[in-house]
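Keep in mind the model is a prediction, meaning the values are calculated, not measured. Each chain gets a letter, A, B and so on, in the order its sequence line appears, and its residues count up from 1. Note: hydrogens, waters and symmetry copies are ignored here, and every other heavy atom, side chains too, is used.
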Amino acid sequence: MITQTLYEGSYQWIVMGRDPDKPDKIIDTNQYMVIDGDRTLLIDPGGMEIFSAVLAATLSVSKLENITDIFASHQDPDIISSLGLWHEMLPEIKLHASAIWEGFIRHFSSGDVTYVPIPDKGGTIRLESTELQYIPAHYLHSAANFNIYDPNAKILMSGDIGAALEAPGAPMYVDNFDSHKDKMQFFHKRWMPSNEAKKDWIRRVRELDIDIMAPQHGRLFKGDDVKRFLDWFEDLDVGIAIHGS
Amino acid sequence: MSHHQSSRKSKTMQSSARQFLAVASVQAELFAVKQISKRISLSAKNAKAIAARAGSQAMGFHPITDFIDDVAINITQLVEKINAEALKLSSFAIANRNRSKTIEEMKESRKHMLKYADHNGIKKRTEELEKMKQQFLVDYKRKNGDLLELLAEIRNQLQAAEMICTTSRTEATRAGDFQSNLEVVADEVSLAVNNIKETLQSSKYHLSQLSLR
């Protein structure tokens, strides 16, 4: 599994992904980690099948006992079905996820993991030197969904927004936005259910200062490609299955 | 995923699937036992009614029917207890499966870790989990033994019921016109007892499948 540093300051942002040993039939995922002193936050640590690869990658940059928190953007298995394994390994770990998914996500563990519920309006998580924001992204695609925004590093971890279905081994960043649109189109049209939710999210995200937009699948967006994505997404009609197409 | 990794995972799954199947089988069998013991209880009530009609001719039958009823109640209670314990054992098996999987994954992870990665942290936690697993196996074995003891208790109840069937047949010969009615009841109870015995034999086999490897 490849690890790449996204931000290096008094703390670090790291992306882990493009696992060459991943079973073919499961969707490729990006996992993120914020290492801040003795506290490491894992963001969308992924499914059970890739646990050992994510663990190996995590421990190459963080001590085991420093992994204190997990954030799940929503309840899907490719986001958090590894929870039971993380919890067995780190019994004190805290899981931060939407309040309304608590009873559902607990099915992925023995049930007694420390769950820190995030209210619909969002909130913040304080690590050692930095504070990250939970940005509501409800209905994009999950009914209760959050992004993580770091105003200092100017990184928005956008969950499934900006996701692309890519061939294995794709580069980490979008290098040609126009050719990348095809890889995102079906995913967004079919998985995202609400044009209204999309518009509301775009309005709020346009107000944020973003250098990197980091989705959970596919390539990351950097610099002007972030704005290009927002413009493209704004014009896209989503929720297409409603019309049976 | 390497071939080795996938065959290791499938072995874990096969083993846990076998345990879940064994528990489900025991539960299904015990449900059948419960139904049969209800039938025994019904037969006992039927015998009581016949004995009442037979009057003084079937005086010896009254304590027998009470006893058969007691046996049926005891079996039902034991079955409920075994069911509850089997369920606990099943939860234990799930917990063990998760722990074993975590240990396997952690070991797999270590193979891919870079030289400078936190090997000590993961080694320490793996050892702790291995220790917990060992203790768990001891507890699991004990609980499995408790279950087999409960099954043995049911067998004791059945032996008593068999003796009662023999006594019932003797008492039936003194019941005059009601002899054949009471013999039918004794036959019913005897058949039910044999059904339960056969089912328990199968449950004992399934419980032996629960031993963890």
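- The interface of residues 62-69 of chain A with chain B, defined by heavy-atom distances below 4.5 Å, comprises A:S62, A:K63, A:L64, A:E65.
- Between B:R169 and B:S190 there is a side-chain heavy-atom pair separated by less than 4.5 Å.
- Within 6.0 Å of NZ on B:K204 lie no more than 12 heavy atoms contributed by other residues, nucleotides or ligands.
- For an aromatic pair to be called close, the ring centres must be under 6.0 Å apart, and A:F71 with A:Y134 satisfies this.
- In summary, the side chains of A:H217 and A:D78 do present a donor paired with an acceptor at a separation below 3.5 Å, with no hydrogens or angles considered.
- In this structure the side chain of A:Q31 never reaches within 4.5 angstrom of the side chain of A:L42, judged on heavy atoms.
- Highest contact tally toward chain B, considering only A:L85, A:V61, A:L90, is held by A:L85 [criterion: heavy-atom pairs under 4.5 Å].
- Residues of residues 117-128 of chain B placed with any heavy atom under 4.5 Å of a heavy atom in chain A are listed by number as B:A117, B:D118, B:G121, B:I122, B:R125.
- The closest side-chain heavy-atom distance from A:T29 to A:D44 is not below 4.5 Å.
- Taking the six-membered ring for Trp and thresholds of 30 and 60 degrees, A:F104 and A:W101 have ring planes more than 60 degrees apart, a perpendicular arrangement.
- At a heavy-atom cut-off of under 4.5 Å, chain A is reached by no residue from residues 34-43 of chain B.
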Working note: B:N194 + B:E198, criterion side-chain hydrogen bond (donor to acceptor under 3.5 Å, both in side chains); need CA distance, chi angles, decisive distance, verdict. CA-CA 6 Å; B:N194 283 333; B:E198 276 170 29; over 6 Å; no
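- Residue-environment remark: CD (A:E8) exceeds the threshold of 12 foreign heavy atoms within 6.0 Å.
- A:S98 is not listed as a side-chain neighbour of A:H74, based on a closest heavy-atom distance of 4.5 Å or more.
- The local environment of NZ in A:K183 is crowded, with over 12 non-hydrogen atoms from other residues, nucleotides or ligands closer than 6.0 Å.
- Residues B:E85 and B:D146 form no side-chain contact, since every pair of their non-hydrogen atoms from C-beta on lies 4.5 Å or further apart.
- For the pair A:I212 and A:Y173, the minimum side-chain heavy-atom distance is below 4.5 Å.
- Counting only distance, with no hydrogens or angles, the side chain of B:S168 and the backbone of B:I164 share a donor-acceptor pair below 3.5 Å.
- Listed in order of number, the residues of residues 140-170 of chain A that approach chain B to under 4.5 Å between heavy atoms amount to none.
- Nearest heavy-atom pair across A:T5 and A:Y7 is CG2-O, 3.4 Å.
- For the residue pair B:N74 and B:Q157, a side-chain donor N or O sits within less than 3.5 Å of a side-chain acceptor on the partner.
- In this structure, the side chains of A:L41 and A:Y11 stay at 4.5 Å or more apart for every pair of heavy atoms.
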